[in-house]
Amino acid sequence: MTQDEAKLLVAKRAMEFISDGMRVGLGTGTTATPFIYELGEAVKAGLRIEAIATSEGSAKLAKELGIPLTTFDDTPVLDVVVDGADEIAPGLALIKGGHGAHLREKIVASASKQFIVVADESKVVHKLGKFPLPVEVIQFALPLVTLRLDDLGLNPVLRPSPGGAGPWITDEGNVILDCHCGEIQDPEKTAKEIRNIVGVVEHGLFLGMANLALIAGESGVRELRVGNVLQGPGGTGTSELR
Ligand code: 5RP
């Protein structure tokens, strides 16, 4: 199965969790995007939902597909958000922010009754940290936050813009430091330490937020919930609980 096929498969499975009248959070990234397309098709076929997107890019796509968008003014509680992840560890601890949208993604997840992660097997890990941990930072504070993250041994690197000219600027006008920290032994502690730095807007550790991960692999889609034992990419580890 190609990665594109896996992403489509998991998007279709995620659609099984969507029903008429729901208020839906739309994720950002190459795994969340096929879900938005599937949702667009369902809306065309008569499904009535309202959505809030986690990025300008996903909002633009939703508009093009005719998905009705709402705001937190009118809709402060969402039923479900479907979003991707860069890494998924036991307890559904996540690293997110590979597409620089983790601030809005965390806001939308915090407003959602259910957070469904969509991914393929390559995202499942035993410990977080191989994927650089994104930290969104106020531009004014960048030199200070860089020093503080360095002091914590997190090896921050300023993310360049996709075109390479200048830094990556988020939808909120901030910059991103990607922390090449290696395996994160205690994610709660690391999250707290980063949060305590003045000038940090949000980091990409999503702890205790996701309820369900839909993981596409060769044998179809498996469901991971909090408390499951995750199986690593190499098939190591004990079998999961359902
Ligand atoms: C965006 C995210 C994405 O969900 C994450 O980067 C995964 O992206 P993809 O599905 O393209 O691998 O957190 O900020």
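What's counted below: heavy atoms across the whole structure, side chains too, no hydrogens, waters or symmetry copies. Ligands are counted one by one from 1 in listed order, and the atoms in each one are counted from 1 as well. In this chain, numbering begins with 1 at the start of the sequence shown.
- Heavy-atom contacts of Thr28 reach the following atoms of ligand 1: 1 (C), 2 (C), 3 (C), 4 (O) (cutoff under 4.0 Å).
- The distance from ligand 1 to the heavy atoms of Thr30 drops below 4.0 Å at these ligand atoms: 9 (P), 10 (O), 11 (O), 12 (O).
- Panel note: side chain Lys106, backbone Leu205; a donor-acceptor pair is recorded below 3.5 Å.
- At a heavy-atom cutoff of 4.0 Å, ligand 1 is contacted by the backbone of Ala85 but not by its side chain.
- For the residue pair Ser55 and Ser58, a side-chain donor N or O sits within less than 3.5 Å of a side-chain acceptor on the partner.
- Of all non-hydrogen atoms in Lys96 and Ala85, the two that sit nearest each other are CG-CA, 3.9 Å.
- There is no side-chain donor-acceptor pair under 3.5 Å between Asp4 and Thr2.
- The residues Lys192 and Glu188 are annotated as not salt-bridged, no charged nitrogen and carboxylate oxygen being separated by less than 4.0 angstrom.
- Near Asp86, the atoms of ligand 1 lying under 4.0 angstrom from a non-hydrogen atom of the residue are 5 (C), 6 (O), 7 (C), 13 (O).
- For atom 10 (O) of ligand 1, the nearest protein heavy atom (residue, atom name, distance) is Thr31 OG1, 2.5 Å.
- Close to ligand 1: Gly100, with a non-hydrogen atom less than 4.0 angstrom away.
- Using a 4.5 Å cut-off between side-chain heavy atoms of Ile, Leu, Val, Met, Phe, Trp and Tyr, with links allowed through other members, Ile197 and Val157 fall into different hydrophobic clusters.
- Considering only non-hydrogen atoms, atom 2 (C) of ligand 1 lies nearest to Glu105 out of Glu105, Lys106, Arg104, Lys123.
- Atom CG of Asp120 and atom CD1 of Ile215 lie 8.0 Å apart (nearest 0.5 Å).
- Remark: distances from the non-hydrogen atoms of Lys7 to ligand 1 are all 4.0 Å or more.
- Those atoms of ligand 1 with a heavy atom of Asp83 less than 4.0 angstrom away are 4 (O).
- Here is the list of ligand 1 atoms found below 4.0 Å of a heavy atom in Gly29: 11 (O).
- Looking only at distances, a side-chain donor or acceptor of Glu218 sits under 3.5 Å from a matching main-chain atom of Met1.
- Those atoms of ligand 1 that come under 4.0 Å of a heavy atom in Gly84, given as number and element, are 4 (O).
- Counting atoms of ligand 1 from 1 in the listed order, those under 4.0 Å from a heavy atom of Gly97 are 2 (C), 13 (O), 14 (O).
- Heavy-atom contacts of Lys96 reach the following atoms of ligand 1: 2 (C), 3 (C), 4 (O), 13 (O) (cutoff under 4.0 Å).
- The closest side-chain donor-acceptor pair between Gln114 and Asn211, if any, does not fall under 3.5 angstrom.
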